[in-house]
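For reference, the structure discussed in these notes is given below.
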Amino acid sequence: MTATEPGAPTTPVWLRAVPPRARRKPPLTLERIVELAVTVLDEQGVEGLTMRCLAQRLDVTATALYWHVKTKDDVLDLAVDHIFGEVPVPDDGDDWMDDVRVLVRAWRGAMLRHPWAPRLVGRPMLGPNVLARTEVLQSALVRGGCGGLHLAVATRMLANYVIGASLTEATWRQTADPGARAAARDHIAASAGAYPTLSASGHLDDTRWDDDLLFEKGLDAVIHAAARAGTPD
């Protein structure tokens with residue numbers, strides 16, 4: 001008798017092995033695309049990210065990918081906004097300058113963790129994470145007395161400072177030769193006659209002042225300049 005014939009002995013349903021199901025791929029979402037894009041950017045930089053590579057890593061067709069993002073530029077914009085989500089949004093404190101410091105330090109930290117990011121931050125920054133943190137920055141500056149043109153100037157001063165500092169630091173850190181900065185410093189020292197001020201000032205000498213100290217001192221100078229910018233003429 002076969003199992004389908006009446007009266008054939010059968011194994012109780014509770015004891016039957018459950019046949020394996022075909023493994024289903026997770027659904028393709030914009031969030032998955034952006035998270036993987038950030039991973040690829042961290043590994044290979046902007047040049048290493050292509051739509052074809054992204055589709056292959058996601059195990060989808062290019063057509064499926066293009067339902068969510070139209071171009072590589074779309075992906076880059078979304079990736080930049082994504083990493084800004086790593087920057088905590090501080091509550092308003094008693095000192096607006098401290099609030100600016102907390103925000104800008106975290107901004108720098110996010111860009112250094114993702115060294116491809118600083119060179120892209122000059123793109124249109126309209127993502128929700130970027131705008132939320134820019135709102136916090138301007139709110140702190142307004143509490144510090146900035147408004148109108150002064151507010152725009154102070155915002156740009158701080159944004160340009162942290163982007164520029166992060167770009168410089170990220171570039172040095174990505175240099176394949178770990179002794180590149182020391183070699184640059186030696187070049188200046190060997191040409192002290194041509195560059196007496198650079199030689200005497202310790203330009204590019206990270207054993208004299210490291211990047212963290214230079215960033216903090218520069219940030220203080222920019223914040224106090226922003227405060228002066230908010231003072232009525």
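Keep in mind the model is a prediction, meaning the values are calculated, not measured. Counting begins at 1 with the first residue of the sequence.
The shortest non-hydrogen separation linking Val102 to Pro90 is CG1-CB, 4.2 Å. Closest heavy-atom contact between Leu141 and Ala226: CD2-CB, 4.2 Å. When all heavy atoms of Ala79 and Leu41 are compared, the closest pair comes out as CB-CD1, 3.7 Å. Among all heavy-atom pairs drawn from Val75 and Leu49, the shortest one is CG1-CD2, 3.9 Å. Contact detail for Ser199 and Ala189: the closest heavy-atom pair is OG-CA, 4.1 Å. Of all non-hydrogen atoms in Arg57 and Thr39, the two that sit nearest each other are NH2-CG2, 4.1 Å.
A 4.5 Å side-chain heavy-atom check between Leu151 and Thr155 finds at least one atom pair inside the cut-off. Side-chain contact between Val69 and Met51: present, with at least one pair of heavy atoms (C-beta onward) separated by less than 4.5 Å. Side-chain atoms of Leu219 and Leu158, non-hydrogen and from C-beta on, do get closer than 4.5 Å to each other. Taking 4.5 Å as the limit, every side-chain heavy atom of Trp67 sits out of range of all side-chain heavy atoms of Leu30. Contact annotation: the side chain of Ile83 approaches that of Trp116 to within less than 4.5 Å [non-hydrogen atoms, C-beta and beyond].
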**OP:** Would you please test Asn129 and Val87 for side-chain contact (heavy atoms from CB on, under 4.5 Å) and show each step?
**Re:** CA-CA 9 Å; Asn129 290 324; Val87 178; over 6 Å; no
**OP:** Would you check, one step at a time, whether the test side-chain contact (heavy atoms from CB on, under 4.5 Å) holds for His82 with Glu31?
**Re:** CA-CA 9 Å; His82 181 84; Glu31 182 179 7; 5.8 Å; no
**OP:** With side-chain contact (heavy atoms from CB on, under 4.5 Å) as the test, would you mind laying out the steps for Arg133 and Leu103 before giving the verdict?
**Re:** CA-CA 8 Å; Arg133 284 143 187 86; Leu103 182 68; 4.2 Å; yes
Subject >> Worked check of salt bridge (charged side-chain N to carboxylate O under 4.0 Å, His left out) between Glu86 and Arg108 >> reply: CA-CA 11 Å; Glu86 299 176 6; Arg108 170 188 178 235; over 6 Å; no
Original post:
Asp77 and Leu120: side-chain contact (heavy atoms from CB on, under 4.5 Å), yes or no, with the steps?
Top reply: CA-CA 8 Å; Asp77 289 340; Leu120 298 178; over 6 Å; no
Subject >> Residues Glu216, Arg101; criterion salt bridge (charged side-chain N to carboxylate O under 4.0 Å, His left out); working and verdict >> reply: CA-CA 9 Å; Glu216 288 295 325; Arg101 288 188 185 94; 5.6 Å; no
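In this structure a side-chain-to-backbone donor-acceptor pair under 3.5 Å is missing from Ser166 to Ile163. Of the possible polar contacts, none joining the Asp99 side chain to the Ala140 backbone as a donor-acceptor pair under 3.5 Å is found. In terms of modelled atom types and a separation under 3.5 Å, the side chain of Tyr161 and the main chain of Phe215 share a donor-acceptor contact. Of the possible polar contacts, one joining the His224 side chain to the Asp220 backbone as a donor-acceptor pair under 3.5 Å is found. Put simply, the side chain of Lys72 gets close to the backbone of Val46: a donor and an acceptor are under 3.5 Å apart. Without hydrogens or angle criteria, Thr168 side chain to Gly164 main chain gives a donor-acceptor distance under 3.5 Å.
Evaluated for a salt bridge (Lys or Arg N to Asp or Glu O under 4.0 Å) with Arg143, the options Asp92, Asp94, Asp98 yield exactly one hit, Asp92.
Atom CG of Asp91 is surrounded by 12 or fewer heavy atoms from other residues, nucleotides or ligands within 6.0 Å. Within a 6.0 Å sphere centred on CZ of Arg32, heavy atoms belonging to other residues, nucleotides or ligands number more than 12.
Ring geometry for Tyr195 versus His187: interplanar angle of 30 to 60°, hence tilted.
One hydrophobic cluster, built from ILVMFWY side chains closer than 4.5 Å, holds both Val142 and Met97. Hydrophobic cluster membership is shared by Leu36 and Val80, with clusters built from Ile, Leu, Val, Met, Phe, Trp and Tyr side chains linked at under 4.5 angstrom. Cluster membership check: Val40 shares its hydrophobic cluster with Leu28, using side-chain heavy-atom separations under 4.5 Å among Ile, Leu, Val, Met, Phe, Trp and Tyr.
A distance of 9.5 Å separates CG in Leu137 from CH2 in Trp96, rounded to the nearest 0.5 Å.
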